[in-house]
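Single-structure report; data block below.
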Amino acid sequence: MTVTRFAPSPTGYLHIGGLRTALFSWLWARRQGGKFLLRIEDTDLARNSQAATEAILEAFEWVGMSHDGEAVYQSQRFDLYRRHIARLLDEGKAYYCYMSKEVLDALREEQQKRGERPRYDGRYRDGTLGPVEGVEPVVRIKAPLEGSVTIEDGIKGPVTFNWDEVDDFIIARADGSPTYNFVVAIDDAFMGVSDVIRGDDHLSNTPKQLVVYRALGFKEPKFFHVPMILNEAGKKLSKRDGATDVMEYKHQGYLPEALLNFLVRLGWSHGDQEIFSLEEMLALFDPNDINKSASAYNPSKLLWLNGHYIKNSPNDRLIKLLHEEFECDIRGHDAQEILLDLCKEKAQTLEEVKAQAQLFISRPTAYNPKDLALATPQALELLERFVAHLRHSGGPHLPVEYQAEIDRFLKESGAKMPALGKPLRLALFGQAQGPSLSDALAILGIEEVAARLEGLVSAVNT
RNA sequence: GGCCCCUUCGUCUAGCGGUUAGGACACCGCCCUUUCACGGCGGCGACACGGGUUCGAGUCCCGUAGGGGUCACCA
């Protein structure tokens with residue numbers, strides 16, 4: 001069975017890089033009918049917070065990704081780690097090292113000065129050096145001294161490391177707590193993870209983890225090292241650009257499916273297809289098809305996708321989101337459907353849908369000074385006549401009916417569309433630029449139109 | 001610096017020895033049009049460089065350059 005996992009360390013919110021690797025893992029597990037597990041890597045008690053864990057869970061919930069079973073917290077599995085450290089010690093595959101941090105630092109500094117790679121020299125490996133008074137030992141695991149390993153990475157292909165590049169790294173600190181490369185291997189093995197999909201910043205950690213797998217006789221998983229996401233300038237993602245909290249996207253009016261679609265196309269593709277429903281992703285995604293190279297964060301494409309998904313969202317969903325997330329209540333509006341159809345057509349975010357809707361919900365509180373010049377006495381008079389015309393017409397209701405009245409009025413009055421349209425938009429929205437007038441009239445209704453015209457008239461007269 | 005990874009339009013990418021190197025976003029132009037958008041049509045625009053292998057290379061090999069990652073008692 002395919003078992004994947006997402007293993008964040010709860011030191012902050014979840015950003016799109018993390019969300020993407022989680023998405024890849026999730027899609028692959030689901031496609032294979034396997035399991036997608038969540039493991040919270042909180043062994044570094046000082047840097048973790050419960051709030052961060054909750055933020056990650058919240059983001060998962062928003063995008064609709066669910067993990068199987070209970071989340072695993074590493075902080076609650078110290079017994080498991082301790083047992084295996086003891087076992088390795090017993091079997092002579094790990095050993096106590098009494099080199100203090102200070103001595104180690106001094107060694108490294110010296111090596112660096114000589115132009116060598118800073119590394120542990122293995123002085124306690126063969127057990128000939130005894131304990132040092134006053135030094136709590138760390139536990140180091142024995143890495144092979146020669147030869148090499150080749151990782152058959154599902155994305156990068158075969159990657160070879162020489163063992164002499166791999167130190168006898170620390171698996172337990174002086175205080176007895178286990179370290180990252182050790183617990184990752186233990187947990188992945190015990191959780192039955194078959195496919196490790198993670199950022200390629202972990203590629204060079206992999207040999208270390210294989211040392212643990214091998215020492216304990218665990219079955220090695222398949223690895224997929226996903227290239228990083230860079231910012232628009234091709235540099236590492238920072239908080240300034242894409243590394244913002246995933247939930248920020250929600251607050252800015254992005255739809256989760258747009259974000260997911262955007263992320264799945266970063267590094268992965270299926271021919272020329274750009275739009276992927278969740279079902280399609282689930283049916284098509286394969287981590288073996290992920291590109292080898294890093295990709296840059298491209299906010300305008302995200303925006304485009306978001307606009308696409310907004311246009312294709314049912315109105316009632318949008319109404320609900322607008323109400324719940326954006327304090328914009330258009331529930332029960334007389335012309336709800338027309339209003340939403342109009343608003344979502346040009347919007348790329350829910351914020352923009354809201355801004356558009358706001359034009360109808362509330363009357364203009366100010367008029368664009370530049371456009372106010374349109375409100376000439378003749379124009380106002382024409383508008384008055386237009387409203388009177390609407391009142392005496394057969395009671396238009398739909399946009400097409402209003403359009404017919406506009407056409408009839410234009411014909412009867414001899415006025416041209418711009419002469420009517422520009423000041424009418426000014427009266428309705430406070431600016432010469434705005435939604436289609438036939439739609440606008442249908443949404444507002446004659447009385448509201450009359451009221452807004454009055455508003456303009458009194459604004460001009462004061 | 002050592003080791004490892006990467007390199008097709010500005011960006012995301014298709015390509016899997018023979019293509020006028022395709023699509024998408026962005027940009028520009030035209031059309032639609034009562035404004036702004038949407039939409040439609042079109043345009044601009046790429047195989048990092050140098051050597052091989054081959055009848056033939058974006059595709060395979062080797063270098064170079066550039067970018068990235070990693071070298072912790074962080075994860």
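Letters go in sequence order (proteins before strands), and every chain restarts at 1. If you're wondering where the values come from, they're calculated on a predicted model, not measured in any experiment.
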Quote, to the nearest angstrom, the [atom1] distance that separates [N] from [M].
| N | M | atom1 | result |
| --- | --- | --- | --- |
| B:rU54 | B:rA48 | C1' | 23 Å |
| B:rC12 | B:rC4 | P | 26 Å |
| B:rG42 | B:rG50 | C1' | 38 Å |
| B:rC5 | B:rG51 | C1' | 23 Å |
| B:rU8 | B:rC60 | P | 13 Å |
| B:rC30 | B:rG10 | C1' | 24 Å |
| B:rA57 | B:rU20 | P | 15 Å |
| B:rG23 | B:rG43 | C1' | 16 Å |

Does any nucleotide pair with [N] by Watson-Crick or G-U wobble geometry, both distances under 3.5 Å, and what is it?
| N | result |
| --- | --- |
| B:rG63 | B:rC49 |
| B:rC41 | B:rG29 |
| B:rA24 | B:rU11 |
| B:rU35 | none |
| B:rG1 | B:rC71 |
| B:rG18 | B:rC55 |

Looking across every strand, which nucleic acid part, if any, lies under 4.0 Å from [X] by heavy atom: base, sugar-phosphate, or nothing?
| X | answer |
| --- | --- |
| A:Thr11 | nothing |
| A:Gln403 | base |
| A:Pro435 | base |

(message) Please give me every residue in residues 405-421 of chain A whose heavy atoms get under 4.0 Å of an atom in RNA chain B, ordered by residue number.
(response)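 Residues of residues 405-421 of chain A that come under 4.0 Å of RNA chain B are, in numerical order, A:Met417.
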Salt bridge (Lys or Arg N to Asp or Glu O under 4.0 Å) involving [X] - partner list, sequence neighbours excluded:
| X | answer |
| --- | --- |
| A:Glu352 | none |
| A:Glu41 | A:Arg39 |
| A:Asp371 | none |

Go through [options] for me and flag the one nearest to the [X] side chain.
| X | options | result |
| --- | --- | --- |
| A:Arg425 | B:rC12, B:rU35, B:rC25 | B:rU35 |
| A:Lys311 | B:rC5, B:rG23, B:rC38 | B:rC38 |
| A:Ser295 | B:rC38, B:rC12, B:rU34 | B:rC12 |
| A:Leu437 | B:rC12, B:rC38, B:rU34 | B:rU34 |
| A:Asn298 | B:rA75, B:rU34, B:rU11 | B:rU11 |

(message) For A:Asp121, run the salt bridge (Lys or Arg N to Asp or Glu O under 4.0 Å) check against A:Arg119, A:Arg117, A:Arg123 and tell me which one passes.
(response)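 The single option meeting the salt bridge (Lys or Arg N to Asp or Glu O under 4.0 Å) with A:Asp121 is A:Arg123.
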What pairs with [X] under ring-ring contact (aromatic ring centres under 6.0 Å, His included), at least two apart in sequence or on another chain?
| X | answer |
| --- | --- |
| A:His389 | A:Phe409 |
| A:Tyr124 | A:Tyr98 |
| A:His202 | A:Tyr180 |

(request) Would you give a per-nucleotide map of nucleotides 65-73 of chain B, 5' to 3', where B means the base has a protein non-hydrogen atom under 4.0 Å away, S means only the sugar-phosphate does, and - means neither? (result) --SSSSSSB
(message) Less than 4.0 angstrom between a side-chain N/O of A:Lys292 and OP1 or OP2 of B:rC6, yes or no?
(response)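 Result: yes.
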(message) Does B:rA75 have its OP1 or OP2 closer than 4.0 Å to a side-chain nitrogen or oxygen of A:Thr43?
(response) yes
(message) Between the base of B:rG23 and the side chain of A:Glu274, is there a donor and acceptor pair under 3.5 angstrom?
(response)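 Answer yes: a donor N or O sits under 3.5 Å from an acceptor.
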Take atom [atom1] of [X] and atom [atom2] of [N], then tell me their distance rounded to the nearest Å.
| X | N | atom1 | atom2 | value |
| --- | --- | --- | --- | --- |
| A:Trp304 | B:rA24 | CH2 | P | 9 Å |
| A:Ile275 | B:rU13 | CD1 | P | 16 Å |
| A:Asn261 | B:rU13 | CG | P | 13 Å |
| A:Gln74 | B:rA75 | CD | P | 8 Å |
| A:Ile151 | B:rC5 | CD1 | P | 10 Å |
| A:Leu303 | B:rC12 | CG | C1' | 15 Å |
| A:Leu260 | B:rC12 | CG | P | 20 Å |
| A:Asn306 | B:rC38 | CG | C1' | 15 Å |

Tell me which donor-acceptor pairs under 3.5 Å the side chains of residues 144-151 of chain A have, and how far apart each pair is, sequence neighbours excluded?
unit_1	atom_1	unit_2	atom_2	d
A:Thr150	OG1	A:Thr160	OG1	2.9

(message) Quick check: A:Phe190 with A:Phe218 (ring centres under 6.0 Å apart)?
(response)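 Aromatic pair counts; centres sit under 6.0 Å.
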(request) Indicate, with yes or no, if the rings of A:Phe36 and A:Phe6 have centres closer together than 6.0 Å. (result) no
(message) So which atom in A:Gln358 and which in A:Cys328 form the shortest heavy-atom distance, rounded to 0.1 Å?
(response) OE1-SG, 4.3 Å
(message) Both A:Val159 and A:Tyr180 contact RNA chain B. Which one's nearest nucleotide lies toward the 5' end?
(response)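 Mapping each residue to its closest nucleotide by heavy atoms, the 5'-most match is A:Val159.
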(request) Nearest-nucleotide wise, let me know which of A:Ser293 and A:Glu345 is further upstream toward the 5' end of RNA chain B. (result)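 Nearest-nucleotide comparison on RNA chain B picks A:Ser293.
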(request) List the steps and the verdict of salt bridge (Lys or Arg N to Asp or Glu O under 4.0 Å) for A:Glu110 and A:Lys113. (result) CA-CA 5 Å; A:Glu110 220 176 282; A:Lys113 221 180 290 174; over 6 Å; no
(request) Could you pull out all residues at least two apart from A:Gln403 that satisfy side chain to side chain contact (heavy atoms under 4.5 Å, CB included)? (result)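 Testing A:Gln403 for side chain to side chain contact (heavy atoms under 4.5 Å, CB included), a comparison that skips the adjacent residues, returns A:Ile406, A:Asp407, A:Ser438.
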(request) List for me each residue that meets side chain to side chain contact (heavy atoms under 4.5 Å, CB included) alongside A:Asp195, sequence neighbours excluded, and say none if there are none. (result) A:Thr2, A:Thr4, A:Trp28, A:Lys222, A:Phe224
(message) Would you say A:Asn288 and A:Asp286 are linked by a side-chain donor-acceptor pair, where the criterion is simply a distance under 3.5 Å?
(response) yes
Just the table, please: protein N/O against nucleotides 14-16 of chain B N/O, every pair under 3.5 Å.
unit_1	atom_1	unit_2	atom_2	d
B:rA14	OP1	A:Ser269	OG	3.0
B:rA14	OP1	A:Asn291	ND2	3.4

